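For the numbers below, each heavy atom of this structure counts, side chains included, while hydrogens, waters and symmetry mates do not. Remember, it's a predicted structure, so these values are computed and weren't measured experimentally.
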Amino acid sequence: MSDKLWIFDTTLRDGEQVPGCQLNTQEKIIVAKALEDLGVDIIEAGFPISSPGDFNSVVEISKAVSNPIICALSRAVEKDIEVAAQALKFAKKGRIHTGIGVSPYHIQFKLRSTPEEIIRRGVAAVKFAKQFVEDVEFYAEDAGRSEPDFLCKIIEEVIKAGATVVNIPDTTGYCLPEQYGGIIADLKNRVSNIDKAIIATHCHNDLGMATANTVAGVQHGARQVEVTINGIGERAGNTSMEEVVMAIKCHKSIPVHTSIDTPKIYKTSRLVSKLMNMPVQPNKAIVGRNAFAHSSGIHQDGVLKHRENYEIIDPKEVGVEESSIVLTARSGRAALKHHLDALGVELEGEELRKVYEEFLLLADSKRDIGRKDLLELVGKYLDESNFIELEKVTYSSNGEINATVQLKIGDQSLEATQTGVGPVDAVLKAIETLVQPQVDLEEFLIQAMTHGSNDVAKVHMRVIKSDKPYYGFASHEDIVLASAFAFVDALNKIPVKEYATA
Ligand code: KIV
Ligand code: ZN
């Protein structure tokens, strides 16, 4: 049996420090419960001394969550540690995470201290924390840029003082994988009592190395990884949980296993993204919208012949329904055939070749080729009466913000008015009211194309209907109209029978 790799999630502490990502206590509880459901071993719930809100969140998360260890951060300061201990009083299993800077930069320029004094303060903090909880983790801040002899010394002393976990952060994301792995190997080889504690990795992503460094740390003996969902965190972020967990799952040569229920990864990623207002970049490994989307002809052909030709992970393993074959001007005949088959149109040989030529012409002029375009290409015009058209959108904000939308659904023209927190919200709600049965709007991303005030807004949406995702895209100078068009675009990709059976 391989070793257990402890998954320490710091989305609610290091992740939540990101400007604009702050959550209230209720939202943090939702995330904490999702992390528990995902199988996380330790949840770092906050830094209690930093604010009454953080204190309260640690208290409430401790009450709401049963299985994971709840961890509270503190500096190597008695008051911090006392407050962390108070915040943990309802935790079924509580851990205090205390520590101090150990690099020459931190010792000299931040703490204006000496190496001896830093060891004394680190040891005192661990001993003080031990009065409150058995489980004390020590972080050696900026260990990535520390002197190896000094790092070994302080780690040995804090373990003597009772530290159960020793965290070796690459706080500034400076290390290369070989260096970071070397630091962990050094501790394993040179610290006489290292077997009495678990070594933890905590890597930042300033050079895009966080996942590689974390994996290197594990390969050299670390058995806890400190990670966040979607890799959110200070500056360029922390190590992303989904990347490390899947790297370990894919590479059986790394002798560890995790308790993460991987099919829950995708929905947890989307939950965190939505609550923290932090879009996931489309090409993000594992959870980006394009992570399982194939657009070039050679790849599409390969994937359709045998998925593993171009995919190392079955999307279902991380909770993504299926790989997608996106139709673009670079798509091949196999991809076109795949989409036509799905629409019940079976073409072969010369017929397929002709439609493919027309398809390429269309794809050159149109970015997103949908179902309606394909059916038009093969001469099977759809019964237009079944489609949803946006006929009118008006919105006003005299005190209350409301919007009126007129849709043509089939041969009926329907109108609805809704209020919202903003015009986009009001318009989308009005559309939702008219479309029955309702769909679940799961992802909504607005991007500016340039930087001027006359900017074009590009909207991407993902809606769920009967457990299947459908995507809508639109761009317009008016952000409200761009959102409305993107929503209607997604709705038009849902098979008409889904509406008819309502
Ligand atoms: O990056 C870091 O060093 C930290 C510590 C406080 C653990 O987040
Ligand atoms: Zn950090």
Side-chain angles (χ1 to χ4, degrees), residues 4-18 21 31 35 38-45 68 71 73 97 99 137 139-145 165-184 187 198-251 254 256-260 262 265-266 268-269 272-273 276 278 280-281 283-288 291 313 318:
K4 177 175 172 69
L5 180 67
W6 295 79
I7 301 293
F8 176 114
D9 182 278
T10 184
T11 305
L12 295 174
R13 200 277 298 169
D14 229 351
E16 212 250 351
Q17 281 174 213
V18 174
C21 283
V31 172
L35 293 173
L38 181 64
V40 161
D41 300 296
I42 304 119
I43 295 176
E44 188 163 47
C71 181
L73 187 77
H97 189 190
E137 174 169 341
Y139 64 85
E141 194 179 3
D142 205 16
R145 294 187 299 169
V165 180
V166 286
N167 176 14
I168 313 300
D170 182 21
T171 306
T172 56
Y174 168 75
C175 290
L176 298 174
E178 218 176 270
Q179 279 173 308
Y180 189 75
I183 295 174
I184 305 297
L187 293 169
I198 291 175
I199 303 179
T201 64
H202 179 113
C203 299
H204 281 264
N205 204 31
D206 299 65
L207 292 174
M209 302 281 173
T211 297
N213 287 347
T214 299
V215 171
V218 173
Q219 284 172 313
H220 286 89
R223 288 296 176 263
Q224 174 176 299
V225 287
E226 305 203 353
V227 291
T228 61
I229 299 291
N230 301 335
I232 64 161
E234 204 59 24
R235 307 181 307 280
N238 285 59
T239 307
S240 125
M241 177 197 296
E242 57 277 8
E243 292 175 13
V244 174
V245 167
M246 292 316 292
I248 279 159
K249 203 166 177 188
C250 287
H251 288 270
I254 309 173
V256 293
H257 63 274
T258 75
S259 50
I260 296 298
T262 64
I265 284 180
Y266 186 75
T268 314
S269 155
V272 168
S273 162
M276 289 195 161
M278 189 74 165
V280 177
Q281 76 191 58
N283 57 328
K284 165 85 180 60
I286 318 294
V287 290
I313 296 168
V318 295

K.L.:
State, to 0.1 Å, how close Ile168 and Ile199 come at their nearest heavy-atom pair, and which atoms those are.
P.N.:
CG1-CG2, 3.9 Å
K.L.:
Which heavy atom in Ala216 sits nearest to a heavy atom in Pro177, and how many Å separate them?
P.N.:
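Looks like CB-O, 3.4 Å.
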K.L.:
Taking the side chain as every heavy atom from C-beta outward, state whether Ile42 and Pro68 have any atom pair closer than 4.5 Å.
P.N.:
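They are not in contact (no side-chain heavy atoms under 4.5 Å apart), so the answer is no.
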K.L.:
Measure the NE2-CD distance between His220 and Glu178 for me, rounded to the nearest 0.5 Å.
P.N.:
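One gets 8.5 Å once the value is rounded to the nearest 0.5 Å.
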K.L.:
Atom CG in Asn205, atom OG1 in Thr239: separation rounded to 0.5 Å?
P.N.:
7.0 Å
K.L.:
Ignoring hydrogens and angles, state whether a donor on the side chain of Ser259 or Asp41 is under 3.5 Å from an acceptor on the partner side chain.
P.N.:
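Looking only at side-chain atoms, Asp41 and Ser259 do form a donor-acceptor pair, the distance falling under 3.5 Å.
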K.L.:
If we only count heavy atoms from C-beta on, is the Leu73 to Tyr139 side-chain gap below 4.5 Å?
P.N.:
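Touching, per the 4.5 Å side-chain cut-off.
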K.L.:
Would you check, one step at a time, whether the test side-chain contact (heavy atoms from CB on, under 4.5 Å) holds for Met241 with Ile260?
P.N.:
CA-CA 10 Å; Met241 177 197 296; Ile260 296 298; 4.1 Å; yes
K.L.:
Applying side-chain contact (heavy atoms from CB on, under 4.5 Å) to His97 and Phe8, what does each step give before you reach the verdict?
P.N.:
CA-CA 12 Å; His97 189 190; Phe8 176 114; 3.9 Å; yes
K.L.:
Taking the side chain as C-beta and beyond, is there a heavy-atom pair between Leu38 and Ile229 under 4.5 Å?
P.N.:
yes
K.L.:
Determine, stepwise, if the pair Ile265 / Met246 fulfils side-chain contact (heavy atoms from CB on, under 4.5 Å).
P.N.:
CA-CA 10 Å; Ile265 284 180; Met246 292 316 292; 4.1 Å; yes
K.L.:
Can you measure from OG1 (Thr214) to CD (Gln224) and round to the nearest 0.5 angstrom?
P.N.:
11.5 Å
K.L.:
Using the side-chain hydrogen bond (donor to acceptor under 3.5 Å, both in side chains) definition, which of the options Glu44, His202, Glu226 pairs with Thr10?
P.N.:
Glu44
K.L.:
Search all heavy atoms of Leu5 against all heavy atoms of Ala222 and return the closest pair with its distance.
P.N.:
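For Leu5 and Ala222, the tightest heavy-atom pair comes out as CD1-O, 4.0 Å.
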K.L.:
Take Ser240 and Lys284 through the side chain to side chain donor-acceptor pair (under 3.5 Å) test and state the conclusion after the steps.
P.N.:
CA-CA 10 Å; Ser240 125; Lys284 165 85 180 60; 3.2 Å; yes
K.L.:
Report the distance from atom CG of Asn230 to atom CD of Glu242, rounding to the nearest 0.5 Å.
P.N.:
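That separation rounds to 5.0 Å.
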K.L.:
For the CG atom of Leu35 and the CD1 atom of Ile43, what is their distance to the nearest 0.5 Å?
P.N.:
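Result: 5.0 Å between the selected atoms.
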K.L.:
Could you pull out the closest heavy-atom pair between Gly217 and Ile184, with the gap in Å?
P.N.:
O-CG2, 3.6 Å
K.L.:
From Thr228 OG1 over to Asp14 CG, what is the distance, rounded to the nearest 0.5 angstrom?
P.N.:
7.5 Å
K.L.:
So, for Ile183 and Ala143, which heavy atoms are closest and what is the spacing to 0.1 Å?
P.N.:
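Reported closest heavy-atom pair: CD1-O, 4.0 Å.
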K.L.:
Out of Met276, Gln17, Glu16, which residue meets the side chain to side chain contact (heavy atoms under 4.5 Å, CB included) rule with Ile232?
P.N.:
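Exactly one candidate clears the test, Met276.
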K.L.:
Should Val245 and Thr262 count as side-chain neighbours, where that means a heavy-atom distance under 4.5 Å?
P.N.:
yes
K.L.:
Identify the two heavy atoms, one from Cys175 and one from Tyr180, that lie closest to each other, and give their separation to 0.1 Å.
P.N.:
CB-CB, 3.9 Å
K.L.:
Are Val272 and Met278 side-chain neighbours, meaning at least one heavy-atom pair lies under 4.5 Å?
P.N.:
no
K.L.:
Show the numbers, then the answer: is there a side-chain contact (heavy atoms from CB on, under 4.5 Å) between Val287 and Val318?
P.N.:
CA-CA 8 Å; Val287 290; Val318 295; over 6 Å; no
